[in-house]
Number of protein chains: 2
Amino acid sequence: MAASATRRRDWAKGANHALREAGHRAGGAREAVVELLSKQSCCLSAQELCDRLGEQGSNVGLASVYRALDLLHGMGLVQRVDLGDGNLRFEPIQPGGEHHHHAVCDSCGRVTAFEDERLESALERLAGRLRHSINAHEVVIHGSCGRCSSSSGAGA
Amino acid sequence: MAASATRRRDWAKGANHALREAGHRAGGAREAVVELLSKQSCCLSAQELCDRLGEQGSNVGLASVYRALDLLHGMGLVQRVDLGDGNLRFEPIQPGGEHHHHAVCDSCGRVTAFEDERLESALERLAGRLRHSINAHEVVIHGSCGRCSSSSGAGA
DNA sequence: CGTTAAACGAGAATCAGTCTCACTAGGCGG
DNA sequence: CCGCCTAGTGAGACTGATTCTCGTTTAACG
Ligand SMILES: [Zn+2]
Ligand SMILES: [Zn+2]
Ligand SMILES: [Zn+2]
Ligand SMILES: [Zn+2]
């Protein structure tokens, strides 16, 4: 989908702009993280980001990746995703609010992203019933992916 | 609520029974973990469980706590709760499906448990729309708790 | 009781994430 | 264009949660 590619490019542009606005310099490592992040369709761990940057020739330190992610997270530009395997992952937050959640297959470990409009509105309505404002929400489903559940017992 | 106390006792009984059925011996450490877990209204970290057991006189090793939790989790008797603070927490899964989710205050760090029937049914309906079976789900809300949001701008 | 292997406790090992520090380089006035 | 100042950076030390290891304990079963 071309629209999504455009959106990602916009996200990178917006993120860099926001960083400038907030008084941050244009460091190479951080821009590399932003650019790589903008190309992902789903979440990556800090280590994965660091490795991929290395493969691309940008030798970015892991600490810088964490620094950049932390900053971006603090500015509401990326969300942390915790799939329960002990590794935090990160993905861009689209300004339009478009986002997805994750389903983890407990048999094969595969992570599937899904969007669901009804779930989102259910979560919005939930806000009205809680004495707690909702800045962000995270939903993680555990179960068997289509592949594993069709092949009968889904070996652990 | 007495019903809930009964349910918790039932959970402990059921968990111990399931462990026997699965061919596990009745070890003191594991039983202590099960019993302590069954008394909690919300999730605890492994370290907290270990500390509390120590206070009660049961000198249970941290490794045994992890072992027990891992086993129980593998048997679908406890759920891991990840609130994003780097500590996994654990709580019993009630066989009846009654459970709650968690809202984290990004200002003060307080964790609030909530139950919401409508959210649960929304999640059940979601299952029908995904090519992914749902064995478990986890919802974490981030925002400001009632206390923090009432005191004006709720610091980042 | 004696045998056997699961369960246990203590501490070592691992590993994601954070912190430190000397060094590099972006931004800016001269 | 040059040099200063500080934010940004990379390597590696550090931390703390979780897992692994290993010698000891003890439940289960005859
Ligand atoms: Zn994703
Ligand atoms: Zn699968
Ligand atoms: Zn609060
Ligand atoms: Zn639920």
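We use all heavy atoms of the structure for the numbers below, so side chains are in, but hydrogens, waters and symmetry mates are not. Order of the sequence lines sets the chain letters (A, B, ...), proteins ahead of strands, with each chain counted from 1.
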### Query
Base, sugar-phosphate alone, or nothing: which one does Ala63(A) contact when heavy atoms must sit under 4.0 Å apart?
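Base contact.
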### Task
Check every strand shown and say whether Asn59(A) touches a base, only sugar-phosphate, or nothing at a heavy-atom separation below 4.0 Å.
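The answer is sugar-phosphate, as Asn59(A) gets under 4.0 Å only of primed atoms, P, OP1 or OP2.
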Specify the separation, in whole Å, of atom [atom1] of [X] and atom [atom2] of [N].
{"X": "Asp70(A)", "N": "dA16(C)", "atom1": "CG", "atom2": "C1'", "answer": "14 Å"}
{"X": "Glu48(B)", "N": "dA17(D)", "atom1": "CD", "atom2": "P", "answer": "11 Å"}
{"X": "Leu71(B)", "N": "dT19(D)", "atom1": "CG", "atom2": "C1'", "answer": "15 Å"}
{"X": "Asn16(A)", "N": "dG26(C)", "atom1": "CG", "atom2": "C1'", "answer": "14 Å"}
{"X": "Leu62(A)", "N": "dG8(D)", "atom1": "CG", "atom2": "P", "answer": "18 Å"}
{"X": "Leu53(B)", "N": "dC8(C)", "atom1": "CG", "atom2": "C1'", "answer": "14 Å"}
{"X": "Leu19(B)", "N": "dA6(C)", "atom1": "CG", "atom2": "P", "answer": "15 Å"}
{"X": "Leu88(B)", "N": "dG17(C)", "atom1": "CG", "atom2": "P", "answer": "12 Å"}

### Task
Kindly say whether, by distance alone, the side chain of Arg25(A) makes a donor-acceptor pair under 3.5 Å with the base of dT6(D)?
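Check passes, donor-acceptor contact within cut-off.
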### Query
Side chain of Arg67(A), base of dG17(C): donor and acceptor closer than 3.5 Å?
no
Report yes if a side-chain nitrogen or oxygen of [X] is closer than 4.0 Å to either non-bridging phosphate oxygen (OP1 or OP2) of [N]; otherwise report no.
{"X": "Ser64(B)", "N": "dA7(C)", "result": "no"}
{"X": "His24(B)", "N": "dA7(C)", "result": "yes"}
{"X": "Tyr66(B)", "N": "dT19(D)", "result": "no"}

### Query
Got Arg8(A) and Pro92(A) here, is their nearest side-chain heavy-atom distance under 4.5 Å?
no
### Task
Using a cut-off of 6.0 Å, state whether more than 12 heavy atoms not belonging to Arg118(A) lie near its atom CZ.
no
Distance-only polar pair, side chains of [X] and [Y], donor-acceptor under 3.5 Å:
{"X": "Glu120(A)", "Y": "His101(A)", "result": "yes"}
{"X": "Glu91(B)", "Y": "His99(B)", "result": "no"}
{"X": "Ser64(A)", "Y": "Arg67(A)", "result": "yes"}

### Side chain of Arg30(A) - closest among dG12(D), dA16(C), dT9(D)
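Nearest to the side-chain atoms of Arg30(A), counting from C-beta on, is dT9(D).
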### Query
What nucleotide among dT9(D), dA16(C), dA27(D) has an atom nearest to a side-chain atom of Ala26(B)?
dA27(D)
### Message
By nearest heavy atom, map Gly28(B) and Asn87(B) onto DNA chain D; which one lands nearer the 5' end?
### Response
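Its nucleotide being nearer the 5' end, the pick is Asn87(B).
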